[in-house]
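Treat the numbers as computed from the prediction; the structure is a model and nothing was measured. All values below come from the heavy atoms of this structure, side chains included, with hydrogens, waters and symmetry mates left out.
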Amino acid sequence: MIHSTHSEKQNDWRTLAIRLLLVISATLSGVSYANTLNANYFYFFDGSPIGGWGLTLGDEGNWVLPITENPMDSANKQISISRAAYKTKDDALNLKWSRSKGKGQFAVYGSPVDLSQLADKAALTMEINIIKKPKSSVSIGMDCGYPCRGEVNIQKMLRDMKTKQWITFPIPINCFAAKGADLSKINSPIMIASEGQFEVQIANIRLELLPEGAPTCAS
């Protein structure tokens, strides 16, 4: 039996991610939604958290610091957040990681939801606009109660993208399951973390159903 090396697995993920963006992004963008959004599948939309979801910043000073001000820094100032514009004023978030050594994290937290029935059918999707490309690894993941979580490294993908251009950015949720997330009890549908200078704007964080035949981490 031939075992894949860590480098080969990383390349497999990058290849999948690039294929996914090419196949899905145009399909998922520009979708219209009903006025009432289901908080099981929508987390931050049109500038506001949905349902009981809350936005947090984290670093070693406090990993789950509720965002209550605009702008605002994490406890040790590893990451800052402010409002940005996607379609209209203040409907997006600007996340900026400092040059200081140490991990900074943005996350959405709330009561656990069961996404297991969508494991091979949905992607965590958002609009992103890269302001400054990352110099260190950038992880995106889902949390299911410490130590349960699943994360993937998207630094290479982000570095290959253009700056100052909004795009739809989907990741199949079974990619997080493959990395250890229990999709039946997700209490953070998105976590973004980095240890180096990086700046990105994000909008409309939600789940989207995948088009038939779209590549995932199960295919």
Side-chain angles (χ1 to χ4, degrees), residues 6 9-10 13 17 38-45 48-69 72-81 93 95-98 100-126 128 134 136-158 169-198 200 202 205-207 216-218:
H6 175 72
K9 289 179 179 178
Q10 288 282 12
W13 157 247
N38 187 329
N40 286 342
Y41 315 122
F42 291 82
Y43 313 116
F44 176 84
F45 212 82
S48 300
I50 302 302
W53 296 106
L55 309 180
T56 68
L57 296 179
D59 59 29
E60 292 214 354
N62 184 340
W63 284 111
V64 188
L65 181 66
I67 296 172
T68 58
E69 301 175 7
M72 183 172 165
D73 296 326
S74 60
N76 289 350
K77 302 187 184 302
Q78 294 300 132
I79 179 174
S80 63
I81 191 168
L93 302 173
L95 305 175
K96 185 175 183 179
W97 280 259
S98 75
S100 303
K101 185 177 180 180
K103 182 178 179 180
Q105 176 178 283
F106 164 80
V108 175
Y109 273 100
S111 298
V113 293
D114 185 353
L115 305 178
S116 57
Q117 292 186 344
L118 296 174
D120 301 325
K121 302 176 182 178
L124 176 65
T125 307
M126 71 203 84
I128 69 169
S136 301
S137 66
V138 178
S139 65
I140 184 168
M142 287 184 164
D143 193 8
C144 38
Y146 182 83
C148 175
R149 66 175 49 185
E151 298 174 304
V152 294
N153 185 353
I154 58 171
Q155 180 193 11
K156 180 63 166 64
M157 293 173 61
L158 297 177
F169 189 81
I171 298 179
I173 62 173
N174 62 20
C175 295
F176 304 122
K179 294 292 187 178
D182 182 345
L183 297 180
S184 71
K185 55 175 187 177
I186 297 299
N187 68 334
S188 176
I190 183 170
M191 305 178 298
I192 305 174
S194 185
E195 296 187 4
Q197 194 173 16
F198 171 44
V200 66
I202 61 175
I205 305 167
R206 75 273 185 191
L207 292 190
T216 75
C217 287

Across all chains, not counting sequence neighbours, the salt bridge (charged side-chain N to carboxylate O under 4.0 Å, His left out) partners of E151 are R149
N153 and Q155 have their tightest heavy-atom pair at OD1-N, 3.0 Å
With sequence neighbours left out, the residues meeting side chain to side chain donor-acceptor pair (under 3.5 Å) with S194 are none
Result for side chain to side chain contact (heavy atoms under 4.5 Å, CB included) between F44 and one of I190, I50, L55 points to L55
Residue pairs meeting side-chain hydrogen bond (donor to acceptor under 3.5 Å, both in side chains), one or both in residues 139-148, sequence neighbours left out, come to Y109-D143
F106 meets the ring pair (Phe, Tyr, Trp, His ring centres under 6.0 Å) criterion, sequence neighbours left out, with none
Run I186 and I173 through side-chain contact (heavy atoms from CB on, under 4.5 Å) and show every step you take. CA-CA 11 Å; I186 297 299; I173 62 173; over 6 Å; no
(Q) Tell me whether S188 contacts the main-chain N or O of V108 through its side chain, where contact means a donor paired with an acceptor under 3.5 Å. (A) yes
Between I140 and F176, is the side-chain contact (heavy atoms from CB on, under 4.5 Å) condition met? List the steps. CA-CA 9 Å; I140 184 168; F176 304 122; 4.3 Å; yes
For residues 112-122, the side-chain hydrogen bond (donor to acceptor under 3.5 Å, both in side chains) pairs (sequence neighbours left out) are D114-S116, D120-N174
Residues 52-61 vs side-chain hydrogen bond (donor to acceptor under 3.5 Å, both in side chains), sequence neighbours excluded, gives D59-S74
Donor-acceptor contact below 3.5 Å, side chain Q78 vs main chain S100 | yes
